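Right, one structure below, let's go through it.
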Protein chains: 2
Amino acid sequence: MIQAPENSVFDASGHDHGACIHDALTRAETLCAQQGLRLTAIRRRVLELIWENHRPTKAYDLLNSINAERGNAAPPTVYRALDFLLDAGLIHKIESLNAFIGCDAAHGDGHPKFLICRACERVAEIPSPAVDTALAREAKRAGFTIDHETIEIGGTCAACAQRG
Amino acid sequence: MIQAPENSVFDASGHDHGACIHDALTRAETLCAQQGLRLTAIRRRVLELIWENHRPTKAYDLLNSINAERGNAAPPTVYRALDFLLDAGLIHKIESLNAFIGCDAAHGDGHPKFLICRACERVAEIPSPAVDTALAREAKRAGFTIDHETIEIGGTCAACAQRG
DNA sequence: CTTTAAATGTTATATACTAACGATTGAATA
DNA sequence: TATTCAATCGTTAGTATATAACATTTAAAG
């Protein structure tokens, strides 16, 4: 189990990880039901593995886990599940790590933004309307239409900075 | 030659590409001389190829170009040159494309930020103190120390939007 | 049921990157 | 200028990430 640090967005103290995973899956089921998407066994399991890990998770780690359980997965099995989950907005890809993390909807309506601690490998999905506004202004100035934002801030979280 | 669109940061009208490449290499030479870095033939040629392309350029495309010229390059040849150029701040890696682009210093002192047109594949490196400020504020709120920012905004540039 | 589109299995391959070690080069200095 | 030593480069091999293509299975809809 992850040791609990003490700051806000990275805070894991009082984090009931079992409930966290359960909630994420419930949200996924609700969303898929609403949108007429099929959360199949593989897709559900991949999502669950990502939430269990609660860190950016690599495709081949997922592949190994799936294979340990069912013994018959090839890369496309996992990549197709990941593509589905990405399209459904249930996970995000962290481009700078080639890894995937559950969407906790902390970005609200805005674009997702991540603080990534290199020491503990944990990721916080943060809202920041101010960043969105500033980027929207820059885009407008350039006559640029935004589709997607990749905002990944690498560094050190408070807990890791404190422990040296 | 790239057809010239008409907006600001993506503007290529009146762009003398030969001079642009030449300037970039001159800047690189100056910087390396100042810092006691060795801009060797391979490193220089890789940088030049990236600027000639003037788009995010893949490592293996560079490898193929080098091989067409000299016939004896393996992946490490290119990756080592890219590592050098990255460390020297002469190029940036676009994480969302696994590709590399010349640093045009448009970010000034701040972290580099990119507008990436999916239609024409061109990239504009934009300054935005407002974005930097907003992110710094969010990081501070979280007690997070920033090392590196990956900010890549995908979308459509004005010229591509106009031509449909 | 039957049909059919979606999902999955399977094989193969493309793309991205790195480790390790020997050979060469070139800058510093004896 | 000869020597030395660290930086650079060549080379082989391997690991990591991702996709193409097509066969088979599943399950939703008629």
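Order of the sequence lines fixes the chain letters, A, B, ..., with proteins taken first and strands second; residue numbering starts at 1 for each chain. What you are looking at is a predicted structure, and each value in this text was computed from that prediction instead of being measured.
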**Asked** Considering residues at least two apart in sequence or located in another chain, which fulfil the side chain to side chain contact (heavy atoms under 4.5 Å, CB included) criterion with B:Arg38?
**Response** B:Thr40, B:Arg43
**Request:** Hey, could you give me each pair passing ring pair (Phe, Tyr, Trp, His ring centres under 6.0 Å) that has a residue in residues 25-48 of chain B? Not counting sequence neighbours.
**Result:** none
**Short side-chain N/O contact from B:Asn98 to OP1 or OP2 of C:dT15, under 4.0 Å** = no
**Asked** Does the side chain of B:Asn98 come within less than 4.5 Å of B:Pro56's, by heavy atoms?
**Response** no
**Prompt:** Could you walk me through whether B:Ser96 and A:Glu95 pass the side-chain hydrogen bond (donor to acceptor under 3.5 Å, both in side chains) check?
**Reply:** CA-CA 6 Å; B:Ser96 58; A:Glu95 297 286 355; 5.7 Å; no
**Item:** Sidechain-backbone polar pair: A:Glu149 side chain, B:Ile153 backbone, donor-acceptor under 3.5 Å
**Value:** no
**Complete:** Bounded by its outermost nucleotides with an atom under 4.0 Å from a heavy atom of chain B, the footprint on DNA chain D reads D:dT8 to D:dT12
**Fill in**
Across all chains, not counting sequence neighbours, the side chain to side chain contact (heavy atoms under 4.5 Å, CB included) partners of A:Ala139 are A:Phe144, A:Ile146
Would you give me the side-chain donor-acceptor pairs under 3.5 Å for residues 110-120 of chain B, sequence neighbours excluded?
{"residue": "B:Lys113", "atom": "NZ", "partner": "B:His111", "partner atom": "O", "Å": "2.6"}
{"residue": "B:Lys113", "atom": "NZ", "partner": "B:Asp132", "partner atom": "OD1", "Å": "3.1"}
{"residue": "B:Lys113", "atom": "NZ", "partner": "B:Asp132", "partner atom": "OD2", "Å": "3.1"}

**Message:** Between B:Lys58 and C:dA16, is there a contact of a side-chain N or O with OP1 or OP2 at under 4.0 Å?
**Reply:** yes
**Asked** Tell me, which pairs form a side-chain hydrogen bond (donor to acceptor under 3.5 Å, both in side chains) where one or both residues lie in residues 57-78 of chain A, sequence neighbours left out?
**Response** A:Arg45-A:Glu69, A:Asn53-A:Thr57
**Asked** Side-chain N or O of B:Tyr79 less than 4.0 angstrom from OP1 or OP2 on C:dT18?
**Response** no
**Request:** Determine whether A:Trp51 and A:Cys20 make a side-chain contact, defined as any pair of heavy atoms from C-beta on separated by less than 4.5 Å.
**Result:** yes
**Asked** Which residue pairs pass the side-chain hydrogen bond (donor to acceptor under 3.5 Å, both in side chains) test with at least one member in residues 24-33 of chain A, sequence neighbours excluded?
**Response** A:Glu29-A:Arg44
**Item:** Side chain proximity check, A:Val123 to A:Glu125, heavy atoms < 4.5 angstrom
**Value:** no
Under 3.5 Å, which N/O atoms of the protein pair with N/O atoms of nucleotides 4-10 of chain C?
{"residue": "C:dA7", "atom": "OP1", "partner": "A:Arg43", "partner atom": "NH1", "Å": "3.4"}
{"residue": "C:dA7", "atom": "O5'", "partner": "A:Arg43", "partner atom": "NH2", "Å": "3.4"}
{"residue": "C:dT8", "atom": "OP1", "partner": "A:Thr40", "partner atom": "OG1", "Å": "2.5"}
{"residue": "C:dG9", "atom": "OP1", "partner": "A:Arg70", "partner atom": "NH2", "Å": "3.1"}
{"residue": "C:dG9", "atom": "OP1", "partner": "A:Asn72", "partner atom": "ND2", "Å": "3.4"}
{"residue": "C:dG9", "atom": "N7", "partner": "A:Arg80", "partner atom": "NH2", "Å": "2.5"}
{"residue": "C:dG9", "atom": "O6", "partner": "A:Arg80", "partner atom": "NH1", "Å": "3.1"}

**Prompt:** Pairs in or reaching into residues 24-47 of chain A: which pass ring pair (Phe, Tyr, Trp, His ring centres under 6.0 Å), with residues at least two apart or in two chains?
**Reply:** none
**Item:** DNA chain C contacts among residues 26-35 of chain A, heavy-atom distance under 4.0 Å
**Value:** none
**Complete:** Sorted by chain and number, sequence neighbours left out, side chain to side chain contact (heavy atoms under 4.5 Å, CB included) with B:Asp83 holds for B:Leu86
**Asked** Hey, can you pull the residues of residues 60-69 of chain B with a non-hydrogen atom under 4.0 angstrom from DNA chain C?
**Response** B:Tyr60
